[in-house]
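Structure first, commentary second.
Chain letters run A, B, ... following the sequence lines, proteins first and then strands; every chain starts at 1.
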Amino acid sequence: MNLFADIRALVLSDLAAMVADGALPEGLSTDNVAVEPPRDAAHGDMATNAAMVLAKPAGMKPRDIAETLATRLSNDPRVTSAEVAGPGFLNLRLAPVVWQGIVGDVLAAGADFGRSDMGAGKRVNVEYVSANPTGPLHVGHTRGAVFGDALASLLAFAGHDVTREYYINDGGAQVDVLARSVYLRYLEAHGQDVAFPDGTYPGDYLIEVGQALKEKVGDRFVDKGEQFWLDEVRDYATQAMMDLIRADLKALGVEMDVFYSEKSLYGTGRIEAALDDLRSKGLIYEGVLEPPKGKKPEDWEPRKQTLFKSTDHGDDVDRPVMKSDGAWTYFAPDIAYHYDKITRQNPDGTVGFDALIDVFGADHGGYVKRMKAAVSALSGGTVPLDIKLTQLVKLFKNGEPFKMSKRAGTFVTLRDVVDQVGPGVTRFHMLTRKNDAPLDFDFDKVLEQSRENPVFYVQYAFARVTSVLGKAEEAGIAVDDGTLAAADLSKLDHEAELALAAKLAEWPRLVETAARSNEPHRIAFYLYDLAGTFHGLWNRGNDVPSLRFLQEGAATSQAKIALARACAVVIAAGLGILGVEPAKELR
RNA sequence: GGUCGCAUAGCUCAGCUGGAUAGAGCGCUGCCCUCCGAAGGCAGAGGUCCCAGGUUCGAAUCCUGGUGCGAUCGCCA
């Protein structure tokens, strides 16, 4: 199904034949032989570097290898020409029937076109969002949520067995702060005048939580010491916040497989177990850390702490797992959590995951090395952990920067964004940048209907196809996918039509490269590119009537419409990975 | 000071894990609708891929050292 892989296989089999003939020495590695689309389409449809890769180990001139290989490749019916170019590139041109076949392939496979078994069922855990349960999700979380979700879908599409997971930070001091803040709102609900001192959360979203708490417990906690209510209020508040966050995620179309509680690690011996594992490897010790180089913190003083020897696994300094007062640092439960990911008993009897991915905000960048060190140590280096950082989202309104301030109550929540522009636009736009590049989000521009706006441009292509299908049906032409797949695709003989089919042929390959690098944004860019090619063909129909999708005869129409429909199928598949609903019409 | 990330056209950004003459959108210049598929399309100008070395058939891409911007740096998660 992946045309590039097919042609690569052809190249490899011809190389093997050359070895059998004595035209090449035995034992050459062909791992680096690539078959790729050439950067410049004028060079042909595909190019291979085989001759250049093999020249040195074979002790031969690249052009000599290329000449022989070219002759062999030309014998394949799919190849219409094979030319040696430059230092030893081999440029291939493929027969129209190959491209026409792609259209049939797409229609036959439908939404599964491009699905890959590259992942070979490997179990991958993608952890994302993991926002503190202290309030609604804001824009920053939104980007992480969109990115993680699209990445998870991408990996699943590429043949991985994916688990989407959210780590609830319900064990640290911040949920105590939450509890105290809710308690204040609770007193307020009882008619008391309350002030919110520094270190509490004054957000309005807690008002109704305080109200609800009042309805639940009455005046039982009023004017009582913290020891009487903290645990219960904390549990109640955390629960309420997680409900809020779940609803936020749902509004965005994100659904997690697992919510994992940090709190569940405490008092159950699981943190101790994880650290024992490290201790047994000689990686836990008591010690005093050096002060940070350069500017010394004002209040720095040497302290003896329990440390994890993360420097043995690539970190720069060892990291504390226990504070000087004997309490765990935040790092300790994180270690235990990742230990759980590695050793977890799965329902199907397997243990743990083959690979872990964490999606963090950029402000957690300093945390990457120690987390990788921990996973490397715990798994004995067998489970790779990739950590993707998502950069800042800069908000704009009408081109003007939109300042956020938690204190002034002008911070923008996920709900604000989704309610204003919709989940689809939000998701697509958030994926129009690499994860490690800052992202501009302009509330007005993302809704603009122009080529400048990739979301619109891609949706518009899909809508145009839908419109063509509708017109065809009105004209009495059958356009169901089965009929279209069986159409006489040899009628697609124009260079512009074949170019569009060739663009479709890139999709399976793109899925694999995007998945390999954990970069879902590539899907968005591809879709924009594909939409551009489609719109280009559509517009050439203005000047060249034979390029229009609706033609006089039903048979010709069906062939042309098959191409359009194939575009729509791939667009829908791509949007599906991004979590965006294709639009049948635009208003 | 350490660490991580980023640096590509006037602007915003891609660049398919090392390939050929580095791409797209916006902006700019010039074309294309009395109607039939123009919320669009075609063509053109525009580049020291931050700098200096290195690796090799070949570097925007990999390595080393710089420069600039951002994030972060032991009892906050």
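- Rounded to whole angstrom, the span from the CZ atom of Arg370(A) across to the P atom of C73(B) amounts to 9 Å.
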*How does protein contact run along nucleotides 18-31 of chain B, one letter per nucleotide 5' to 3', with B for base contact, S for sugar-phosphate only, - for none, heavy atoms under 4.0 Å?*
-BB-S-SSS-----
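- Nucleotides of RNA chain B nearest to Thr513(A) and Asp363(A) differ in position, and the one nearer the 5' end is that of Thr513(A).
- Shown are Leu439(A), Val146(A), Asn435(A); of these, the side chain to side chain contact (heavy atoms under 4.5 Å, CB included) with Thr390(A) is made only by Asn435(A).
- Between the side chains of Asp358(A) and Tyr167(A), not a single donor N or O lies within less than 3.5 Å of an accepting N or O.
- In the displayed structure, Glu286(A) atom CD is contacted under 6.0 Å by more than 12 heavy atoms of other residues, nucleotides or ligands.
- A 3.5 Å limit on both hydrogen-bonding distances identifies U64(B) as the Watson-Crick or G-U partner of A52(B).
- In terms of polar N and O atoms assigned as donor or acceptor, the side chain of Arg522(A) never comes within less than 3.5 Å of the base of C16(B) in a complementary pairing.
- Base pairing analysis places C26(B) opposite G10(B); the two distances defining the Watson-Crick or G-U wobble pair are each below 3.5 Å.
- Tyr460(A) and Phe462(A) have their aromatic ring centers separated by at least 6.0 angstrom.
- Counting heavy atoms of neighbouring residues, nucleotides and ligands inside a 6.0 Å radius, atom NZ of Lys394(A) does not exceed 12 of them.
- Base-pair partner of G5(B): C69(B) (Watson-Crick or G-U wobble, both distances under 3.5 Å).
- One finds a side-chain N or O of Tyr457(A) lying less than 4.0 angstrom from the OP1 or OP2 phosphate oxygen of G41(B).
- Between A14(B), G74(B), A77(B), one nucleotide has an atom nearer to the side chain of Ala173(A) than all others, and that is A77(B).
- Atoms NZ (Lys434(A)) and P (U12(B)) sit 14 Å apart, rounded to a whole Å.
- Residue contacts for Arg433(A): at a heavy-atom cut-off of 4.0 Å it reaches the sugar-phosphate backbone alone, with no base atom in range.
- Whole-Å rounding puts the Asp436(A) CG to C69(B) P distance at 20 Å.
- Between Lys323(A) and A77(B), a side-chain N or O to OP1/OP2 separation shorter than 4.0 Å is present.
- Side-chain proximity of Ser324(A) to the nucleotides G40(B), C75(B), G74(B) is greatest for C75(B).
- Side-chain contact between Leu578(A) and Leu527(A) is present, with at least one heavy-atom pair separated by less than 4.5 Å.
- In this model, the phosphate group of U56(B) is not approached by any side-chain N or O of Lys56(A) to a distance below 4.0 Å at OP1 or OP2.
- Of the candidates Phe441(A), Tyr528(A), Tyr457(A), Phe441(A) is the only one forming a ring pair (Phe, Tyr, Trp, His ring centres under 6.0 Å) with His429(A).
- For Thr329(A) against C75(B), no side-chain N or O and base N or O form a donor-acceptor pair under 3.5 Å.
- Considering only side-chain N and O atoms, His364(A) lies nowhere under 4.0 angstrom from the phosphate OP1 or OP2 of G5(B).
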